[in-house]
J.: 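What follows is a single structure, and I will ask about it in a moment.
Counting starts at 1 for both ligands and their atoms, following the listed order. These numbers come from the heavy atoms of this one structure, side chains and all, not from hydrogens, waters or symmetry mates.
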Amino acid sequence: MFEDAELFIRSSGESSEVVTKQMYDFRDKGDRHIALKPEGTAPAIRAYLEHSLGQQAQVTRLWYFTPIFRFERPQKGRYRQSHQAGIELIGSSHPNADAEVIEFTVDFYRTLGLTDAQVRLNSIGRTETRARFGEAILAHMAGWLADQDEDGKARALKNPMRLLDSKDPKIQEAIAGLAPITSFLDDESKARFEKLQELLTEAGVEFILDPAIVRGLDYYTETVYEVQSPSLGAQSALSGGGRYDNLIAELGGPATPAVGFAAGLERALIVMDALGVQAGASGIDAFLVGANSESQLHLRKIARALRAAGFSVSFDLDERDVKRQLKAADRMAARFALIFGHEEVASGHVAFKQLSSGEQIDVPEAHLISTLRKRLVE
Ligand code: AMP
């Protein structure tokens with residue numbers, strides 16, 4: 001939930017918006033400078049280093065699910081506490097790793113049913129490329145810069161690329177016509193970026209090249225991307241990610257390349273809502289129906305065994321009549337109703353009913369698990 005504030009100052013950057021404006025930080029009773037996590041990558045890497053997670057294999061794949069906290073003006077899609085799910089692929093600098101993470105991202109949204117998610121891709125090259133691009137930004141915006149106060153000038157000089165993220169119309173106007181960062185890439189970065197695009201195309205991943213995606217954190221190198229959805233309006237980003245080859249060394253570890261992404265879950269829910277996708281609409285495997293209190297006792301035993309075998313099953317806790325139990329099975333979108341009538345229980349059988357078709361067969365209890373397993377994949 002919280003980390004040493006220094007972790008974010010060192011990773012996101014002292015002058016980053018996350019650190020200067022959004023991070024909730026405070027001194028605890030031991031006078032330690034603490035911050036509520038404003039993002040998940042630096043904490044994941046802190047854990048990776050602290051617990052030597054990279055020792056087992058050359059490549060380490062991590063995932064997390066975490067609340068994040070940012071001090072900002074709350075509005076739809078922008079909250080002071082929200083939740084992120086993210087992955088980090090650590091230990092490979094090959095574009096195959098970037099492609100794997102981006103493919104994973106696309107699969108994630110496809111599984112959720114977010115059909116309008118768009119990948120916007122860019123490359124920001126190495127540290128030296130960004131330094132050259134920064135000088136070009138300042139030269140291009142010299143007129144605007146001259147009008148700024150000392151503070152504004154100092155901020156712009158410290159990290160000119162942040163100006164590209166600005167929503168200020170004056171800044172946007174001054175930026176117009178600036179050559180994209182991709183025209184500053186060296187040959188190696190260009191080749192990497194081209195290879196990545198080839199791999200994505202080959203994998204059937206659609207993407208839009210967008211030189212405006214630069215990401216606000218200092219640790220990104222080479223590949224950066226965002227997934228956006230037109231259903232989100234102003235807060236259009238569903239997730240963001242990219243390569244961060246310098247972060248692990250920056251945090252005191254051995255130089256190790258890595259790439260990852262983080263998805264905002266509240267924003268995914270907003271889009272699911274807008275598209276009419278129902279969360280959890282897939283229902284359960286089976287609903288167990290009992291004819292009387294004796295069979296109820298028996299069916300709870302069977303429910304336990306089915307749950308232990310990995311099936312999602314439910315039953316009526318209030319032991320209502322069979323008609324109501326079947327209604328409850330429908331409401332829970334169960335695939336099958338397993339009916340334990342008086343006679344069935346006595347003979348060790350179950351009435352096995354497919355709810356979509358109404359088709360019903362008689363199954364010996366001993367074959368229940370294998371029948372359910374077989375019928376669920378048909
Ligand atoms: P970022 O690292 O800022 O690009 O954040 C990654 C993703 O987390 C964004 O694309 C959003 O989906 C989500 N996110 C970030 N900040 C917030 C917030 N304050 N409220 C809701 N979602 C957020």
Side-chain angles (χ1 to χ4, degrees), residues 1 3 7-13 15-25 35-46 62-89 101-102 104-106 108-109 112 114 116-122 124 159 161-162 164-167 207-208 210 212-221 223-244 247 258-275 277 279:
M1 202 68 79
E3 297 271 354
L7 175 68
F8 302 107
I9 297 169
R10 277 173 68 184
S11 56
S12 294
S15 64
S16 65
E17 188 147 299
V18 162
V19 169
T20 54
K21 296 199 186 141
Q22 299 176 326
M23 187 164 81
Y24 280 91
D25 59 331
L36 293 176
K37 278 189 205 176
E39 61 103 26
T41 296
I45 297 305
R46 193 266 310 141
L62 303 177
W63 69 272
Y64 60 80
F65 172 66
T66 184
I68 61 159
F69 303 87
R70 293 186 186 177
F71 182 77
E72 37 198 355
R73 197 165 53 80
Q75 53 190 289
K76 188 169 181 193
R78 186 167 288 282
Y79 312 104
R80 289 183 172 164
Q81 176 175 357
S82 66
H83 296 80
Q84 281 188 350
I87 59 169
E88 314 295 349
L89 197 167
V101 170
I102 297 174
F104 180 98
T105 314
V106 169
F108 174 72
Y109 290 114
L112 288 181
L114 303 197
D116 69 352
Q118 298 169 337
V119 176
R120 304 187 83 89
L121 184 67
N122 194 21
I124 56 172
N159 192 337
M161 271 172 67
R162 294 234 165 80
L164 271 59
D165 278 340
S166 173
K167 302 250 174 340
F207 56 89
I208 299 163
D210 185 348
I213 305 284
V214 290
R215 315 275 301 135
L217 308 178
D218 274 358
Y219 53 65
Y220 284 106
T221 51
T223 312
V224 287
Y225 71 104
E226 264 182 27
V227 179
Q228 300 185 354
S229 162
S231 311
L232 278 172
Q235 309 300 328
S236 62
L238 276 167
S239 57
R243 179 164 280 288
Y244 52 94
L247 179 62
V259 49
F261 100 106
L265 298 180
E266 285 77 6
R267 296 215 187 146
L269 288 170
I270 292 173
V271 177
M272 285 169 84
D273 220 26
L275 298 179
V277 178

J.: Going by atom types alone, do Ser229 and Tyr109 pair a side-chain donor with an acceptor below 3.5 Å?
T.: no

J.: For a 4.5 angstrom cut-off between non-hydrogen side-chain atoms, does Met23 reach Ile9?
T.: yes

J.: Nearest 0.5 angstrom please: Ile213 CD1 to Gln228 CD, how far?
T.: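 Going from CD1 on Ile213 over to CD on Gln228, the span is 5.0 Å.
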
J.: Could Arg80 and Phe71 be counted as a cation-pi pair, given that NZ or CZ must be under 6.0 Å from the ring centre and within 45° of the axis?
T.: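 Checked: cation-pi criterion met.
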
J.: Is there any protein N/O under 3.5 Å from an N/O of ligand 1, and what does the full list of such pairs look like?
T.:
unit_1, atom_1, unit_2, atom_2, d
ligand 1, 2 (O), Arg215, NH2, 3.4
ligand 1, 3 (O), Arg70, NH1, 2.8
ligand 1, 3 (O), Arg70, NH2, 3.3
ligand 1, 4 (O), Arg215, NH1, 3.0
ligand 1, 4 (O), Arg215, NH2, 3.2
ligand 1, 5 (O), Gln84, NE2, 3.3
ligand 1, 8 (O), Gln84, NE2, 3.0
ligand 1, 10 (O), Ala237, O, 3.4
ligand 1, 10 (O), Ser239, N, 3.3
ligand 1, 12 (O), Ala237, O, 3.1
ligand 1, 12 (O), Leu238, O, 2.9
ligand 1, 12 (O), Gly264, N, 3.4
ligand 1, 16 (N), Arg70, NH1, 3.3
ligand 1, 19 (N), Glu72, OE2, 2.5
ligand 1, 19 (N), Tyr79, N, 3.4
ligand 1, 19 (N), Tyr79, O, 2.8
ligand 1, 20 (N), Tyr79, N, 2.9

J.: State which residues pass side chain to side chain donor-acceptor pair (under 3.5 Å) with Arg46; sequence neighbours excluded, sorted by chain then number.
T.: Glu3, Glu50

J.: Hey, are the side chains of Ile45 and Tyr244 touching, using non-hydrogen atoms and a 4.5 Å cut-off?
T.: yes

